[in-house]
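Take a look at the structure set out below.
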Amino acid sequence: MGVVASAPAKVILFGEHFVVYGEPAIVLAIDKRAYVKVETRNDKRIYARSANLNIAGYFEEGVFHPEKGGENARYKLEPVKTVVDKVFELAGRNAGLNIEIRSTVPVAAGLGSSAAVAAATALAVAKTLDIELAKEEVFRITYEAERVVHGTPSGVDPAIATFGGALLFQMDTGVKPLEAEMDIPLVIGDTQIQRSTRDLVAKVRRLREKFPAVIEPIMRSGRKIVLHAIEAIKQQDLETLGELVDINHGLLCAVGVSHEALERLISEARKAGALGAKLTGAGGGGCMIALTEHDKLDAVAEAIQRAGGIPYVARKTDVGARIEP
Ligand code: PMV
């Protein structure tokens, strides 16, 4: 038995990194999900296991006891514990829990796997304790968990994992659903190089502190790209969107978050006919996306594979965090 909840992965179409400094970002939920199953236990332990990551361990009286994966297990499961504690607070009671994480989202790749796991955990634990969480509460709890992982997250990952769909996200104004009737066909290319969002965000911060007069205008250009992109989405103008994707990638290179493996995949995707290609998420490895007309999706996916990446054709999903039927 037990309760199963899930939440989607995401790709940031425009605005990663700059979003940390208050600029807008456009983000899409995609058809890869994290699933979390929760059951009560007879003791007070919070036992958590991730088959994909090959880690397991339990928290008892605030202390973590690894069973598989040592320190890495603690690092990966700490945010899950944060989520559990927040839900306990809301429920006004505790319970021993078994938490099983199954995810089809590549980890540390820029696809928001940690936020998807946190959002699904919040819903599944709440349901197990017989409380209903409003979407805003799922978002808030997921954001708290992301703070444990990333330090100073913008909140874009928690927002999309919670609400799904296509969102315009900005730190001070929050989440606005984008009327994206338009199909936005994408190939994701995973370099399989894991990296730390925290480190990359810190790298951009250092650069911005050292060269404010150089970096701040780059970030403002990022905002203008998003404004043009909103128009292009309204007009269903895929070609313009592709051009904007390429310009956005140029800005991300300028702030030092690309990687030679990303550059290889991006360049091959463009040669194979993508309308535009950029890194997505924190960069430094992880994933790129190629905006591609339908009839070229296969050719672009093959080019990404030949260049050493793992391609996925991604579809937008409107299904945010939910309890599985
Ligand atoms: O790579 P990810 O999925 O962790 O995305 C991070 C997005 C950033 O803009 C780089 C950081 C943030 O908190 O918004």
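Residue numbers run from 1 in the order of the sequence given. Ligands are counted one by one from 1 in listed order, and the atoms in each one are counted from 1 as well.
Side chains of Glu324 and Ser6: a donor on one and an acceptor on the other come within 3.5 Å. Residues Glu216 and Tyr21 bring no donor and acceptor atom of their side chains to less than 3.5 Å of each other.
Between Leu200 and Arg195 the shortest side-chain heavy-atom distance falls below 4.5 Å.
Geometrically, Lys32 engages Tyr312 in a cation-pi contact, judged by NZ or CZ lying under 6.0 Å from the ring centre and within 45° of the ring axis.
Protein residues having at least one heavy atom under 4.0 Å from any atom of ligand 1 are Lys10, Ile12, Glu16, His17, Val19, Val20, Gly110, Leu111, Gly112, His150, Pro153, Ser154, Val156, Asp157, Arg195, Thr197, Val201, Gly281, Ala282, listed by chain and number.
Annotation: the span from Gln235 atom CD to Leu241 atom CG amounts to 11.5 Å, rounded to 0.5 Å.
Under a 3.5 Å cut-off, the side chain of His65 and the backbone N or O of Gly57 do not form any donor-acceptor pair.
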